[in-house]
Amino acid sequence: MEDEMLTNDEINNLLGISENYKAPNRVRDIIKDKEAREQVFKAFLANGAELDRDEFLVYVQEQADRNKKKQVLTPYSIGRLIAKLLDKQDSIADIASGTGSLLISQWATNRNAFVYAEEVSDQLFPFLLFNATMRNMTGIIAHMDSLTREVKEVYRLNKTEHFSNIAQISGLPERSFSSVIENPPYSLSYTSMKMPDGLKEYPLPPKSKADLGFVLQGLSKLSDKSTLVSILPDGVLFRGSREQTIRKNLIKHNLLDAVIQLPDKMFIGTDIPTVLFILKTNRTNKDILFLDVSKSCNRENKRNILTEANIYKIVKTYQSRKEIDRFCHIASIEQIEENGYNLNMPRYVDTFEAEPEVDLDAVLSDLIKDDEEIKETSLSLANLFDELTSKNRSGAKQAQDTAEWLRRSVGNL
C-alpha cells in the first residue's frame, strides 16, 4: 500500500516547495487561504491521492523525531485492523493524532462521523488539519497537549459539497465519543499531566513513561457502551509500580476487554514490540481476551504488514472470543489476579513450537559417509604427491613428507 502512495517529489511539487523541511510552514500557509487550499486539494486528488489513506505517512515519518518526541505514525494496515475492530462509528476521537493516519482509517468506515483530534506537535499539526479538511470532515481539530490539556489553537470543520469549511474558535468543546483511538508517543517522558475528572483514584504514570497517561485521557472521553483502542509498547503489560496499579484499577472496574500482541517491525520509525490495548465501557463479560497475532503477517519492503486475510482472522477471533491453541486465550479475572496483574502475552498464550526431533541414526550415517569421503580424498592427494615426487626431483623430499602425513591421517580416521 505504501508503494502506491504519492512520492516525496510528487508531494513537494504539489505543495510548491523544493525541500521536505519546508512543508509544515507551507501547508499552514495553504490552509489559511481558502482558494489556495482548494486548488491544492484538487491537485492532490487529480494526481492519485486516496481519501482512505494518509498520503503523508512515509513523507512525514522520514522527518519525524523518534528520539526526543517519540513520533511514530500509524501504518496503514494497523489502521485498517483497528477500523475493522471498531466497525462503523458515529463519533471518533483521536488522541495524539499525528498527521491523522489512524483517524483517516476509522473515518473511512463512516464519512459522516463527527471527528475530534488532538496533536501537540507544531510540525505535525498542519498536516493533520490539511488531511481532515481535504476529506471534508466535520468536527474539531485541536492543537494542544493531550497530557497537560494546554490548548494552542482550535479549529471547527464543517462538511460542504467538496472540502470542509474551516474556522478558528476559542475554547475546547467538551463531549464524549462512541470510539477513541490512540497511537501516542511510546514511552514519552513528561513533566506534568492533568488527571481527568472522575479518574482521581488512578495514579499518575511514571514521569519517564507517559503511555498509560494517554490511555487515561482517552478513557475520560468515552461515552456509555463505547470503545477505546490504544497502540502501546508492550512494556505497559508488565511494568510494575504505578503502571501495575493503573492496570489493576482498569481491571477492577471491568474496563479492559482485550490485549492483542502485534507483529514486530511494522513501524517505519521503530522496531519496538507493540500491542493493542482495548477498553470498553459497560462491559457485561468478566474475562479478558489475549490474542497473539505476532506471526499473522506478511513481509513487504523489509517491514511486516497485516493483509486483509490476516485482519479478517483477527477480527473474527476477537468477535467470537473462543479459545484457539497458540493463538488466543480467554483469561478470567482470577487468573489475572494470580499473575499479579501482569498481562504479558506469554503468560496467557503459549506460541512455543518445539523443534522437530533429530534423527540420530541419520546423523550418524551422514558422519560415517563424510569420514569415508575424507579418507578417499586424502588418499587421492597422497597419490598425487607421489606423482609430483617422480616428476619434480627438487621438491621430492617435501612431497614425500606430505604424502606420508596424509596416509597417517587416513589411518587415524
Practice task
Would you check if Y155 and T133 make a side-chain contact, meaning some heavy-atom pair closer than 4.5 Å?
Solution key: no

Practice task
Determine the minimum heavy-atom distance between T74 and F267, stating which atoms define it.
Solution key: CA-CE2, 4.5 Å

Handout entry: Any donor-acceptor N/O pair, S164 side chain to I166 backbone, under 3.5 Å
Key = no

Problem - Heavy-atom side-chain proximity of D94 to L128 below 4.5 angstrom - result: no

Problem - Pair N285-D287, side-chain donor/acceptor within less than 3.5 Å - result: yes

Practice task
May I ask you to decide if the ring planes of F130 and F56 are parallel, tilted or perpendicular, using 30° and 60° as cut-offs?
Solution key: perpendicular

Handout entry: Side chains of S320 and K316, donor plus acceptor under 3.5 Å
Key = no

Exercise for the section: State plainly whether the residues E201 and K252 are in salt-bridge range, i.e. N to O under 4.0 Å. Expected result: yes

Practice task
Look at the side chain of E119 and the backbone N and O of T99, then say whether any donor-acceptor pair between them is shorter than 3.5 Å.
Solution key: no

Handout entry: Side-chain H-bond candidate by donor/acceptor type, E118 with S146, under 3.5 Å
Key = yes

Problem - Residue pairs involving residues 152-167 (criterion salt bridge (Lys or Arg N to Asp or Glu O under 4.0 Å); sequence neighbours excluded) - result: R28-E153, D122-K152

Fill in the blank from the handout: Residues L256 and L343: closest non-hydrogen pair is CD2-CD1, 3.6 Å

Practice task
Look at the side chain of S91 and the backbone N and O of S178, then say whether any donor-acceptor pair between them is shorter than 3.5 Å.
Solution key: yes

Exercise for the section: Give the C-alpha distance, both sets of side-chain angles, the deciding distance and a yes or no for side-chain contact (heavy atoms from CB on, under 4.5 Å) between L81 and L276. Expected result: CA-CA 10 Å; L81 169 61; L276 297 186; 3.8 Å; yes

Exercise for the section: Check whether any side-chain heavy atom of V293 sits under 4.5 Å from a side-chain heavy atom of Y318, and report yes or no. Expected result: no

Fill in the blank from the handout: For T227 and L222, the nearest pair of non-hydrogen atoms, with its separation, is O-CD2, 3.4 Å

Exercise for the section: May I ask you to test the R80-L306 pair for a side-chain heavy-atom distance under 4.5 Å? Expected result: no

Practice task
Report yes or no: do N298 and T307 form a side-chain donor-acceptor pair below 3.5 Å?
Solution key: no

Handout entry: Set of residues satisfying side-chain hydrogen bond (donor to acceptor under 3.5 Å, both in side chains) with respect to T7, sequence neighbours excluded
Key = E10

Completion exercise
Note: L216 and P203 closest approach over all heavy atoms is CD1-O, 4.2 Å

Exercise for the section: Without swapping roles, check the side chain of R26 against the backbone of L15 for a donor-acceptor pair under 3.5 Å. Expected result: yes

Practice task
Give a yes-or-no answer on whether the side chains of Y59 and N12 include a donor-acceptor pair shorter than 3.5 Å.
Solution key: yes

Handout entry: D257 side-chain N/O to I278 backbone N/O, donor-acceptor pair under 3.5 Å
Key = no

Handout entry: Heavy-atom closest contact (R135 atom, W107 atom, distance)
Key = O-CZ2, 3.2 Å

Completion exercise
Value for CD (Q217) from CD1 (I95), rounded to nearest 0.5 Å, stands at 7.5 Å

Handout entry: Exam field: side chain R247 to backbone R239, donor-acceptor pair closer than 3.5 Å
Key = yes

Exercise for the section: Return the set of residues passing side-chain hydrogen bond (donor to acceptor under 3.5 Å, both in side chains) with Y190 (not counting sequence neighbours), or none when no residue passes. Expected result: none

Exercise for the section: Determine whether T274 and M266 make a side-chain contact, defined as any pair of heavy atoms from C-beta on separated by less than 4.5 Å. Expected result: no

Handout entry: Donor-acceptor pair, side chain of T281 and main chain of S223, under 3.5 angstrom
Key = yes

Problem - Sub-4.5 Å side-chain heavy-atom contact between L250 and Y202 - result: yes

Problem - Residue H253 excluded, over 12 heavy atoms near NE2 under 6.0 Å - result: yes

Problem - Pairwise side-chain contact, D33 with D29, heavy-atom cut-off 4.5 Å (strictly under) - result: no

Problem - Residue pair K88 / T109, side-chain donor-acceptor N/O under 3.5 Å - result: no

Problem - CG on L212 to CZ on F214, rounded to 0.5 Å - result: 11.0 Å

Handout entry: P346 backbone acceptor or donor facing N344 side chain under 3.5 Å
Key = no

Handout entry: Heavy atoms from other residues, nucleotides or ligands near NZ of K221 exceed 12 (cutoff 6.0 Å)
Key = yes

Exercise for the section: Dump the intermediate steps for side-chain contact (heavy atoms from CB on, under 4.5 Å) on F114 and R175, then the final yes or no. Expected result: CA-CA 11 Å; F114 182 92; R175 61 168 292 172; 3.4 Å; yes

Handout entry: Flag side-chain contact, heavy atom, 4.5 Å: D264 against N304
Key = yes

Exercise for the section: Go through the steps to decide whether I169 and I140 satisfy the test side-chain contact (heavy atoms from CB on, under 4.5 Å), and finish with yes or no. Expected result: CA-CA 10 Å; I169 62 175; I140 300 293; 4.0 Å; yes

Exercise for the section: Please confirm whether the backbone N or O of E50 pairs with a side-chain atom of E55, one donor and one acceptor, at under 3.5 Å? Expected result: yes

Practice task
Could you tell me whether a side-chain N or O of Q244 sits under 3.5 Å from a main-chain N or O of G340, the two making a donor and an acceptor?
Solution key: yes

Completion exercise
For S97 and L103, the nearest pair of non-hydrogen atoms, with its separation, is OG-CB, 4.3 Å

Exercise for the section: Decide if atom NZ of K200 counts as having more than 12 heavy atoms of other residues, nucleotides or ligands within a radius under 6.0 Å. Expected result: yes

